[in-house]
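Indexing begins at 1, ligand by ligand and atom by atom, following the structure's order.
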Amino acid sequence: MESFKTFQKLRESGIFTNFIKQGCDVADIIQLLPDNIANQIAAGEVIQRPASAVKELLENAADAGATEIRLLITDAGKALIQVIDNGKGMSETDARMAFERHATSKIRNIDDLFRIKTMGFRGEALASIAAVAQVELRTRREEDELGTHIEIENSRVRKQEPCAAATGTSISMKNLFFNVPARRNFLKSNAAEMRHIVEEFIRVSMAFPGIFFSMTSNGQEVFHLEAGSLKQRIVQLLGNSYNAKLVSVHEETDYMNIYGFVGKPETARKTRGDQYFFVNSRFIKSAYLNHAVNSAFEGMIAKDSFPSYVLYIDLDPSQVDINVHPTKQEIKFEDEKIIYAFVQAAVKHALAQFSIAPSLDFTLNAEIQGMDAVSKPFTTDKKDAVASSPLFKTFSQKNQAHFIEKDDKTGLSHWKDFFKPAGNETTGTAEPVTQPAAPVLYSLRVLPDTPLLQLHNTYIIASTNSGFLLVHQQLAHERILYERYGMAAHGQHMATQQSLFPVNLELTPADAVLLNDLIPDLLAIGYQIEPFGNNSFVIQGIPADILPGNEKHAIELLIEQFKHFSSDVKFSKREKLVRCLARQQAIKAGQALTQKEMLHLVEELFTSNSPNVTPTGSPTYLEFKEDYLDRMFGR
Ligand code: ADP
Ligand code: MG
């Protein structure tokens with residue numbers, strides 16, 4: 001009845017007659033979207049930015065059994081992304097089919113789908129790319145005399161003809177999102193998009209050390225990775241400094257194999273840096289497995305630091321489940337507990353063997369050891385079933401690369417705490433120990449002329465007219481530097497001291513891309529750095545108030561910290577840089593200070609704009625009032 005009334009109302013409003021006037025019948029207002037529009041919509045999930053296309057194309061090349069894969073980029077992938085491989089190529093029909101939605105050679109029937117629980121094969125990548133870019137394909141199988149040349153734009157084939165071509169496949173995609181301006185406008189700066197591309201390139205090339213990879217950006221070769229051992233590949237990608245600092249991990253069981261490397265404890269970083277997990281040759285992010293590795297390092301590295309690792313887990317694909325939704329890709333193991341225990345035990349074992357951890361218990365816990373999956377070998381039946389699956393063969397030959405990224409927020413959680421309102425809300429403690437709600441300017445002229453006292457080389461005690469202040473030297477200094485660098489970054493250029501002996505800095509290709517991007521902002525703060533070709537840089541000058549000597553380390557650390565925060569969108573690049581630098585350059589707790597230094601510090605703190613909190617919201621000092629002290633003593 002209700003709905004009839006609504007219907008009548010609508011009819012009275014004339015809406016239906018309008019439809020009919022426009023040539024639409026009430027009955028058929030629903031239309032099928034044209035294919036190219038449907039493809040464009042679906043493409044949005046798979047191809048979000050140039051880096052997603054890079055990942056898909058590189059994986060396809062690896063899947064095709066290539067031994068050489070070249071990536072060519074122009075304008076951070078906005079103008080051109082091209083991948084050339086020497087893999088098995090495609091027949092004329094396959095070449096055409098490859099661009100159809102749900103076209104894949106990797107799944108044959110629904111059984112395959114369940115057996116492997118979809119390892120991410122959706123047959124959607126090429127269809128998506130063809131929907132949002134101008135695509136050109138050249139491909140030839142070894143056995144064919146002529147290859148196939150296809151041009152597709154907007155999901156429509158513009159050209160298809162036989163051509164001469166090398167064995168393998170070359171796919172180039174030009175002008176990504178040329179037909180979806182909303183998306184094109186959404187792309188970030190070239191430097192930012194380039195960073196994403198480099199990240200994907202590293203992940204795929206790290207999964208396949210046996211394949212030669214190169215990457216060229218605007219005509220300049222950024223990576224050149226000869227095929228080699230796993231260790232060689234890791235050092236190529238993460239930098240020479242790892243060379244003598246990797247501990248090999250290798251455990252094989254019927255259930256799963258783990259191999260790879262962990263960095264010796266000295267390579268642990270203050271920021272989550274080089275941590276890579278691959279499952280069946282696909283990069284994954286897993287907070288759970290990360291925890292397993294961290295726990296194996298317990299007691300060997302500082303609590304607040306992160307171990308480096310590159311670990312590969314191979315197991316029967318039926319034990320892995322992937323949520324295939326492209327944006328919330330996540331890996332799930334049939335039995336997480338087992339995997340956790342194995343990872344932890346394998347890493348402990350490795351560390352113990354290299355006598356890095358003298359006496360560690362690295363056996364599996366009894367509960368896990370008793371589990372069927374671990375204690376009993378695969379039955380012959382089960383083994384055969386799995387081994388005969390064509391998919392397992394390709395996996396075990398490590399021919400699959402699919403990257404599943406989980407939205408990992410864990411590492412950034414503390415950024416959320418930033419800018420908690422300072423003052424009255426900050427500590428939550430009642431009156432006795434307080435932080436002034438509004439910054440009280442304790443100019444030292446107001447402070448009584450008594451000497452300052454340093455406690456545990458960390459706290460400075462300064463008496464006031466109504467009690468005393470307990471200043472945390474590191475946090476206080478962080479506030480001071482934050483404001484100083486902040487001012488510099490926003491106009492008032494900081495003085496630079498020219499280095500007498502310019503310092504040379506060699507970085508990994510990925511870090512070089514990042515540093516290039518930061519150079520103008522660093523200059524505003526007083527760092528004068530110039531690119532020197534081949535991923536190296538020269539530090540010509542440093543901010544006037546920084547002691548020369550460790551500028552190389554300072555920049556490396558800065559890059560490391562910056563990477564850690566780079567996915568946080570709340571802050572501008574400069575703001576992040578200023579925060580990193582302030583934290584890094586602050587005098588540390590534990591450092592003895594002279595009377596003069598303490599005086600200087602306290603004075604500067606109270607002339608800053610917000611003396612009572614650090615940029616991240618920690619208190620910089622606490623105030624103890626005299627009347628509270630009196631009350632405590634029953635006076
Ligand atoms: P999927 O990789 O999930 O199968 P894609 O859309 O990425 O889906 O690729 C579709 C098909 O095109 C693949 O299954 C494969 O048969 C073929 N293909 C794609 N890229 C290549 C390549 N570089 N060499 C050979 N065949 C390829
Ligand atoms: Mg693919």
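Of the polar atoms of Asp85, at least one N or O is found under 3.5 Å from an N or O of ligand 1, judged by distance alone. At a 3.5 angstrom cut-off on N or O pairs, Ala125 counts as close to ligand 1. By the 3.5 Å distance cut-off applied to N or O atoms, Asn60 is counted among the residues near ligand 1.
Ring geometry for Phe342 against Tyr255 counts as parallel: the plane angle stays under 30°, on a 0 to 90° scale with 60° as the upper cut.
Looking at Arg233, its side chain does come within 3.5 Å of a backbone N or O of Phe208 through a donor-acceptor pair.
Contacts between Ala64 and ligand 1, counted as non-hydrogen atom pairs separated by less than 4.0 Å, involve the side chain only. In Ile171, neither the side chain nor the backbone holds a heavy atom less than 4.0 Å from any atom of ligand 1. Residue-level proximity to ligand 1 for Thr169 is carried by the side chain, the only part with a heavy atom below 4.0 angstrom.
Under a 4.0 angstrom heavy-atom cut-off, Lys88 registers as lying outside contact with ligand 1.
With atom 27 (C) of ligand 1 as the reference point, the heavy atom nearest to it among Met90, Glu100, Arg141 is part of Met90.
Annotation for Lys174: atom NZ does not count as buried by contact number, only 12 or fewer foreign heavy atoms lying within 6.0 Å.
Shortest non-hydrogen contact noted between Gln275 and Phe283 is O-CE1, 4.4 Å.
For the pair Asp94 and Arg141, the salt-bridge criterion is not met [side-chain N within less than 4.0 Å of a carboxylate O].
Separation of atoms OH (Tyr276) and CZ (Phe261) is listed at 15.5 Å; rounding is to 0.5 Å.
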